[in-house]
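The first residue in the sequence is number 1, and the count goes up from there. This structure is a prediction, so every number in the text was calculated from the model and none was measured.
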Amino acid sequence: YLPAVCLSCSADWSVKLWNMAAPEQRGPTMTFQTTDVSDGVFDVAWSPLRSTLFASVTGDGHLQVWDASVLNPLISIQVFEDEDEHD
């Protein structure tokens, strides 16, 4: 695990990996983005067991599992559907 590396998530459907040990770097080290969702990423968390794995959840009910060495999600499942979409 690298204590100087952190993740952020955004309404623009992205998760960004930041290297806080490199203050001269103005932007994220990596950006992970998917197009199979229709709402922003509300939360992101590192795996407690694997140093390169993390999960993100979106407002439209998707749970995605990522590996920091791959730019596309390893797993993407819809955990719930927004009831407002069916009215």
Side-chain angles (χ1 to χ4, degrees):
Y1 293 96
L2 300 172
V5 174
C6 65
L7 295 168
S8 66
C9 58
S10 176
D12 70 358
W13 307 349
S14 71
V15 174
K16 295 181 180 176
L17 184 140
W18 303 84
N19 183 355
M20 305 309 285
E24 69 282 353
Q25 184 177 350
R26 299 265 182 218
T29 303
M30 296 180 78
T31 299
F32 305 89
Q33 193 158 16
T34 185
T35 57
D36 66 344
V37 298
S38 60
D39 205 347
V41 182
F42 283 15
D43 200 6
V44 63
W46 287 108
S47 166
L49 302 176
R50 305 274 179 164
S51 63
T52 61
L53 290 183
F54 61 92
S56 63
V57 291
T58 62
D60 65 353
H62 282 86
L63 167 68
Q64 297 178 316
V65 177
W66 304 78
D67 188 309
S69 65
V70 181
L71 292 178
N72 293 315
L74 301 174
I75 299 168
S76 181
I77 58 172
Q78 189 156 13
V79 180
F80 72 88
E81 290 186 26
D82 188 357
E83 293 179 14
D84 293 336
E85 291 180 8
H86 299 290
D87 293 339

Any side-chain heavy-atom pair of Val79 and Val57 under 4.5 Å: no
Check: Trp13 and Thr58 side chains under 4.5 Å, non-hydrogen atoms: no
Heavy-atom closest pair, residues Asp12 and Gln33: O-NE2, 2.8 Å
Cluster check Trp18, Val15: I/L/V/M/F/W/Y, side chain < 4.5 angstrom: no
Members sharing Val70's hydrophobic cluster (side chains within less than 4.5 Å): none
ILVMFWY cluster, Val5 and Phe54 together (side-chain gap under 4.5 Å): yes
Within one Ile-Leu-Val-Met-Phe-Trp-Tyr cluster: Leu63 and Leu53, side-chain cutoff 4.5 Å: yes
Heavy-atom check, side chain of Met30 versus side chain of Leu71, under 4.5 Å: yes
Co-membership, hydrophobic cluster, residues Trp66 and Leu17, 4.5 Å side-chain: yes
Beyond-backbone contact of Met20 with Cys6, side-chain heavy atoms, under 4.5 angstrom: yes
Verdict with reasoning, Asp60 to Ser38, per side chain to side chain contact (heavy atoms under 4.5 Å, CB included): CA-CA 6 Å; Asp60 65 353; Ser38 60; 3.1 Å; yes
Between CG on residue Asp67 and OG on residue Ser47, distance to nearest 0.5 Å: 10.0 Å
Atom pair CD (Gln64) and OG (Ser56), whose distance is rounded to the nearest 0.5 Å: 4.5 Å
Side chain to side chain donor-acceptor pair (under 3.5 Å) between Thr29 and Asn19, worked out: CA-CA 6 Å; Thr29 303; Asn19 183 355; 5.0 Å; no
Cluster check Val44, Leu2: I/L/V/M/F/W/Y, side chain < 4.5 angstrom: yes
